[in-house]
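To start, the structure under review is shown below, and the notes come after it.
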Amino acid sequence: MGITLVDENAISHLIENFRDDLNVELVQKFGVVSVCFILSYFLIKHIWSSAKMEKEPIRVLVTGAAGQIGYALVPLIARGQMLGPDQPVILHLLDIELAYEALNGVKMELIDAAFPLLKDVLATTDAMEACEGVNIAIMLAGFPRKEGMERIDVMSKNVLVVANPANTNALILKEFAPSIPEKNITCLTMLDHNRALSQIAEKLDVHVTDVKNVIIWGNHSSTLFPDISHATVSTSTDADKPVRELVADDHWFNKEFITTVQQRGAAIIKARKLSSAMSAASAACDHIRNWGTWVSMGVYSDGSYGVQRGLIYSFPVTCENGEWSIVQGLKIDEFSRTKMDATEKELIEEKELAYSCLY
Ligand code: LMR
C-alpha cells in the first residue's frame with residue numbers, strides 16, 4: 001500500500017479552477033436561457049401583432065345598388081356576411097342617373113350604420129369609376145352598354161350575376177368581356193338551392209343545415225331542376241340518410257316539391273308585389289362565401305353531364321381556395337335526364353334570342 005502525499009496548495013488550486021469552470025458554465029447557461037426568452041418574447045409579440053393586423057380591404061362593386069336587392073345586400077356585405085367577420089371592405093355602388101338620389105341615400109345610411117368593417121363607400125353613376133380596382137362585382141342590374149366597355153378589364157377578379165335572366169346575362173358577359181377569365185363569371189342559383197333545402201327541412205321537420213347535397217340543375221327560371229337524388233339528412237340521432245327514403249313520397253318530390261321551388265320567385269312577386277330581395281341578397285352572400293359543402297352555381301359548362309359547352313348552367317360545385325369545380329361522377333336517372341335536358345334547351349333558346357338582339 002503506498003502513501004499519498006496531499007499538497008494543500010494543489011487542492012486549493014483545483015477547487016479554484018472548479019469554481020471558475022462552474023461560474024463560466026452557469027453564466028453560459030444563463031446567457032442561453034436569456035436569449036431564448038428574449039427571442040420567444042419577440043416571436044410571440046410578432047405573432048400577436050400579425051394576428052391583430054388588419055387585412056387589406058376588398059373592393060366590392062354592386063350594380064343596381066339603389067334597388068331592392070341592393071338595399072338588402074349592402075348591409076350584409078358591410079357586416080362581414082359575405083367575406084368574413086375580419087375582412088374590411090370598400091363598397092362601390094353603381095346605379096343609373098335616375099336612381100342617383102336614392103343611391104346617395106343608401107350611401108348615407110351605410111355611413112350612419114357605422115359598420116366597423118366598412119372602410120369607404122363610393123356611390124356613382126359612372127360605370128368606369130365604379131369598376132376601377134374592384135375585386136368582386138355583383139351585378140344586380142345589367143350594365144348599360146357604353147362606349148369603352150373594354151375598361152371592364154381593370155376590374156373584377158370575380159363577377160356574380162344576379163340580374164335576370166341571370167344565366168344568359170352571365171353568358172353574354174362571358175362572351176363580350178373576354179379579359180375576365182370565364183371561370184370568374186358565375187350566376188346566382190344559390191337562391192333556388194336554399195329554397196330547395198328549406199322545403200325539404202320543412203317537410204321532414206329538421207333544421208335546414210341538416211340537409212345536404214341538393215342540386216339545382218340548369219337555368220334560374222321555372223325550368224330549373226331541383227334534384228334530391230343525392231341529398232341526405234343527418235341529424236344528431238341519424239347520420240346521412242337519403243332524403244328520398246326519409247320523405248318516402250315520390251309523388252311529392254316529382255310534383256309539389258319541384259313546382260314549389262321552380263315557382264317560388266313568382267309566388268313571392270305575387271305576395272309582395274315585388275321580387276324577392278332579402279332572400280336573394282342572403283343567397284348572394286352564400287354564393288360568394290365558401291361553406292365547404294356542395295352548393296349550386298351557374299357556371300360555364302365544360303361539357304360535364306352532357307351539357308352543351310359554354311352555356312352558363314347551374315351545376316353542383318365545391319369550392320376550394322376561391323375556385324369552383326363541378327362535382328363529377330353523379331349517377332343521373334332517366335327522370336333527372338329529361339328535366340336537365342329541358343332546362344338546357346331553354347338556355348340554348350335564350351342564348352339564340354340574346355344574340356339575335358345583339359346583332
Ligand atoms: C326570384 O327567383 O325570386 C327572382 O329571380 C325573381 C323571379 O323572377 O323569379
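Just follow the structure's listing: the first ligand is 1, and inside any ligand the first atom is 1. Atom set for the values below is all heavy atoms of this structure, side chains included, hydrogens, waters and symmetry mates excluded.
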Would I77 and I138 count as a side-chain contact (heavy atoms from CB on, under 4.5 Å) if you check the C-alpha gap in whole Å, the side-chain angles of each, and the deciding distance to 0.1 Å? CA-CA 11 Å; I77 303 174; I138 300 163; 4.2 Å; yes
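- In this view, Y71 satisfies the ring pair (Phe, Tyr, Trp, His ring centres under 6.0 Å) rule with no residue, not counting sequence neighbours.
- Listed by chain and residue number, nothing satisfies the side-chain contact (heavy atoms from CB on, under 4.5 Å) test with D112 (two or more places apart in sequence, or in another chain).
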Could you list each nitrogen or oxygen of ligand 1 that sits under 3.5 Å from a protein nitrogen or oxygen, with the atom names and the distance?
unit_1   : atom_1 : unit_2 : atom_2 : d
ligand 1 : 2 (O)  : R195   : NH1    : 3.0
ligand 1 : 2 (O)  : H220   : NE2    : 3.2
ligand 1 : 3 (O)  : R195   : NH2    : 2.8
ligand 1 : 3 (O)  : S276   : OG     : 2.6
ligand 1 : 5 (O)  : N164   : ND2    : 2.8
ligand 1 : 5 (O)  : H220   : NE2    : 2.6

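- Using modelled atom types, one finds no donor on one side chain facing an acceptor on the other under 3.5 Å when comparing S301 with Q308.
- Looking at residues two or more places apart in sequence or on another chain, you find no salt bridge (Lys or Arg N to Asp or Glu O under 4.0 Å) involving D210.
- Summarising the geometry, atom CG belonging to L98 is positioned 12.5 Å from atom CG belonging to L103; distances are rounded to the nearest 0.5 Å.
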